[in-house]
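Structure record follows, encoded as structure tokens.
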Amino acid sequence: MSESVKRWSALLILLSASILWNGCTAKELAIPIPETKYLKMDGNRLIRVVEVSDDRMNRKHSQEETETVDDLANLSLLMEEVSGHFAYDSLTDAEQLWYRDIEGCLGSMVEEIRLSGEGLKAGLDETCIDKIFQCVMCDHPEIFYVDGYSYSKYTRGDSAVAISFSGTYNMGKREAVSRKKIIELSVENLLAGVDADATDYDLVRFVYETLVRSTDYDLEAADNQNIYSVFVGRASVCLGYAKATQYLLNQLGIECALVQGMVDPGEGHAWNLVKVDGSYYYVDTTWGDASYQMMESAQGDGGYQPTINYDYLCVTTEQLLRTHTIGGVVEMPECTDLSANYYVRENAYFTTYDKEQLTELFDRAEEQGKEDVTVKCADTDCFWLMKETLIDGQEIFDYMPEGDSVAYASNDKQLSLTFWRN
């Protein structure tokens, strides 16, 4: 068959993808589809089938050869340098090839690149793209200008000969660079209070407390699916909180990954995995906002209410699963170490009703000027004993000044009781 009559069959699949969870909502993304003779719906994918000549395909490939991952690496002005990529490390060698391609494309806001042919030869296909895209987004909280992606698959017969990838951007490069500078200035100010001698635990706690105090939970917040909402708008939802936590800890040299999953009653949610002194823990900064979660169970007459809920600062898998379900494309480790748990560090973790430990805890809080005290229980037996003794038996007044009215919040799932003067 002569070159002049041989044809390529190109199957171009345009797929829009966004990392969305219920409760962390974003506007639906619409991608314009070029005119074509053949257009059909395949599930949630729009597929167009066209005929592309050898000459056209060769010209396209020739143009794309200038946009390889090596070239894009030098153009990724919007990408941050961090010590490790948790999601990247979970991928196979072949998947990492396309990860680097997609990372380079999004980092430089290139309209379209051709994914590595080595990946195709290694067995990757279009069904692998979504997982790899999500891994890139999970590793890079600084990518605040991407809503999704599309790809085109070129086939010859039954074989794929090329796949191109395009990012879907919600702003131009000029605006993205400008916003990046604003974010960096805000982050510099937030981190100005970090102690030079801070330990891993100190840094995680600092970020947790700083974000809770400086951010309002707001479903209507602009840009609430990315870090701009937190660092500039000061209002966000779970995904914004989690990405901001990851971004700050990465800046401080702490390994931190984004975790996707669900929380009661079946809502999508995002939080973080952190490494403290060599051990992994879960951190949920969103649920660290006491006004968002804990205060639904508050009992009292109003007035002062705690600002920060520490039930989700460095917790184990067992503690997390009382309220969260882990999902996402990246497998998470089993977290069992309690040594960096907030309540363990504060000597507020109880295995039984201990008057001496309670006295020391409340006295120390008084000396430090704290307005609230939380008691964390190791198991349900301890929790109900604490509740029966301190609340029903009113022994809480043995530890707080006489004559004061006391309010409290009870977290029956996380087995904690928080008290403050009403």
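Side-chain atoms are counted along with the backbone in the values below, which use heavy atoms only and exclude waters and symmetry mates.
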Exercise. Would you sort out whether Leu417 and Ile391 count as a side-chain contact (heavy atoms from CB on, under 4.5 Å), showing the intermediate values?
Key: CA-CA 10 Å; Leu417 293 166; Ile391 298 171; 4.1 Å; yes
Quiz item: Any side-chain heavy-atom pair from Tyr280 and Pro333 closer than 4.5 angstrom?
Solution: yes
Self-check item: Pairs flagged by salt bridge (charged side-chain N to carboxylate O under 4.0 Å, His left out) wherever residues 337-346 is involved - sequence neighbours left out
Solution: Arg205-Glu346, Asp277-Arg345, Glu346-Arg364, Glu346-Lys370
Quiz item: For Phe231, does its backbone N or O pair with a side-chain atom of Ser186 as donor and acceptor, under 3.5 Å?
Solution: yes
Quiz item: Quick one: are Tyr228 and Lys180 in side-chain contact, heavy atoms under 4.5 Å?
Solution: no
Quiz item: Hey, is Arg179 close enough to Asp223 for a salt bridge, meaning N to O under 4.0 Å?
Solution: yes
Self-check item: Residue pair Trp420 / Glu371, side-chain heavy-atom distance below 4.5 Å
Solution: no
Self-check item: Under 3.5 Å: donor-acceptor pair, side chain of Asp218, backbone of Glu220
Solution: yes
Self-check item: Spacing of CD1 belonging to Ile132 relative to CG belonging to Asp101, to within rounding of 0.5 Å
Solution: 9.0 Å
Quiz item: Do Gln134 and Gln260 have side-chain heavy atoms sitting under 4.5 Å apart?
Solution: yes
Self-check item: Trp98 backbone acceptor or donor facing Ser116 side chain under 3.5 Å
Solution: no
Practice problem: Determine the minimum heavy-atom distance between Leu124 and Ala94, stating which atoms define it. | Solution: CD1-O, 3.3 Å
Quiz prompt | Heavy-atom donor-acceptor pair, Asn272 side chain to Ala257 backbone, under 3.5 Å | solution = yes
Practice problem: Find out whether Ile183 and Phe144 are in side-chain contact, i.e. whether some heavy atom of one side chain is under 4.5 Å from a heavy atom of the other. | Solution: yes
Quiz prompt | N-O pairing of Arg421 and Glu366 below 4.0 Å | solution = yes
Quiz item: Which atom names give the shortest non-hydrogen contact between Cys105 and Ile113, and what distance separates them?
Solution: CB-CD1, 3.7 Å
Practice problem: Indicate the ring-plane relationship of His85 and Tyr99, choosing parallel, tilted or perpendicular according to the 30° and 60° boundaries. | Solution: tilted
Self-check item: Side chains of Leu203 and Val276 in contact at under 4.5 Å (non-hydrogen atoms)
Solution: no
Quiz prompt | Side-chain touch Val274/Glu255, heavy atoms, less than 4.5 angstrom | solution = no
Practice problem: Taking side-chain contact (heavy atoms from CB on, under 4.5 Å) as the test, write out the residues that go with Asn341, two or more places apart. | Solution: Val315, Gln319, Leu338, Tyr343, Val344
Quiz item: Taking 4.0 angstrom as the limit, do Asp311 and Lys413 come out as a salt bridge?
Solution: no
Quiz item: For Asp284 and His324, which heavy atoms make the closest approach, and how far apart are they?
Solution: OD2-NE2, 2.7 Å
Exercise. Consider only side-chain N and O atoms of Glu103 and Tyr88, and report whether a donor and an acceptor are under 3.5 Å apart.
Key: no
Self-check item: Rounded distance [0.5 Å steps], CG in Leu91 versus SG in Cys135
Solution: 4.5 Å
Quiz prompt | Inter-residue atom distance Leu390.CG - Ser410.OG, 0.5 Å rounding | solution = 11.5 Å
Practice problem: Could you please spell out the steps behind the side-chain contact (heavy atoms from CB on, under 4.5 Å) verdict for Ile254 and Lys275? | Solution: CA-CA 7 Å; Ile254 300 295; Lys275 180 177 278 189; 5.7 Å; no
Quiz prompt | Asp139 side chain to Ala87 backbone, donor-acceptor under 3.5 Å | solution = yes
Practice problem: Look at the side chain of Asn224 and the backbone N and O of Ala221, then say whether any donor-acceptor pair between them is shorter than 3.5 Å. | Solution: yes
Quiz prompt | Nearest heavy-atom neighbours spanning Lys376 and Ser416 | solution = CD-CB, 4.2 Å
Quiz item: Between Lys243 and Glu142, is the closest basic N to carboxylate O distance under 4.0 Å?
Solution: no
Quiz prompt | Residues Leu211, Leu248; criterion side-chain contact (heavy atoms from CB on, under 4.5 Å); working and verdict | solution = CA-CA 10 Å; Leu211 290 179; Leu248 290 182; 3.8 Å; yes
Quiz item: Pick from Tyr241, Tyr312, Trp287, Tyr282: which one makes a ring-ring contact (aromatic ring centres under 6.0 Å, His included) with His269?
Solution: Trp287
Quiz item: Looking only at side chains, do Asp372 and Thr374 share a donor and an acceptor under 3.5 Å apart?
Solution: no
Quiz item: What distance do Leu120 atom CG and Arg114 atom CZ have between them, rounded to the nearest 0.5 Å?
Solution: 9.5 Å
Quiz item: Do the charged groups of Glu118 and Lys121 touch, with an N to O distance under 4.0 Å?
Solution: yes
Quiz item: Hey, mind stepping through Lys387 and Asp412 against salt bridge (Lys or Arg N to Asp or Glu O under 4.0 Å) and telling me if it holds?
Solution: CA-CA 10 Å; Lys387 202 168 185 179; Asp412 295 356; 3.4 Å; yes
Quiz item: So how far is it from Thr285 OG1 to Gln246 CD, rounded to the nearest 0.5 Å?
Solution: 11.0 Å
Quiz item: Can you list every pair that meets ring-ring contact (aromatic ring centres under 6.0 Å, His included) and has a residue in residues 104-126, with sequence neighbours left out?
Solution: none
Practice problem: State, without any angle test, whether Thr316 and Thr336 hold a side-chain donor-acceptor pair at a distance under 3.5 Å. | Solution: no
Quiz prompt | Distance-minimising heavy-atom pair for Ser152 and Glu112 | solution = OG-OE2, 4.4 Å
Quiz item: How close do Thr168 and Ser150 get, heavy atom to heavy atom, and via which atoms?
Solution: OG1-N, 4.3 Å
Practice problem: Calculate, to the nearest 0.5 Å, the distance between atoms CG and CG belonging to Leu185 and Leu190 respectively. | Solution: 10.0 Å
Exercise. Please check if the side chain of Ser108 supplies one atom and the backbone of Gly104 the other of a donor-acceptor pair under 3.5 Å.
Key: yes
Practice problem: Check for a donor-acceptor pair, side chain of Gln225 on one end and backbone N or O of Leu239 on the other, with a separation under 3.5 Å. | Solution: no
Quiz item: Take atom CD in Glu188; do more than 12 heavy atoms of anything else shown fall under 6.0 Å from it?
Solution: no
Quiz item: Between the side chains of Glu209 and Tyr310, does any donor sit under 3.5 Å from an acceptor?
Solution: yes
Exercise. Report the C-alpha separation of Thr199 and Asp202 in whole Å, then their side-chain angles, then the decisive distance to 0.1 Å, and conclude whether the side chain to side chain donor-acceptor pair (under 3.5 Å) test is met.
Key: CA-CA 5 Å; Thr199 64; Asp202 294 333; 3.0 Å; yes
Exercise. Look at the rings of Tyr169 and Tyr145 and say which category their plane angle falls in: under 30° parallel, 30 to 60° tilted, over 60° perpendicular.
Key: tilted
Quiz prompt | Heavy-atom side-chain proximity of Ile326 to Val259 below 4.5 angstrom | solution = yes
Quiz item: Between the side chains of Ser166 and Glu111, does any donor sit under 3.5 Å from an acceptor?
Solution: no
Exercise. Could you check Val194 against Phe206 for side-chain contact (heavy atoms from CB on, under 4.5 Å), going step by step and ending with a plain yes or no?
Key: CA-CA 7 Å; Val194 174; Phe206 175 87; 3.4 Å; yes
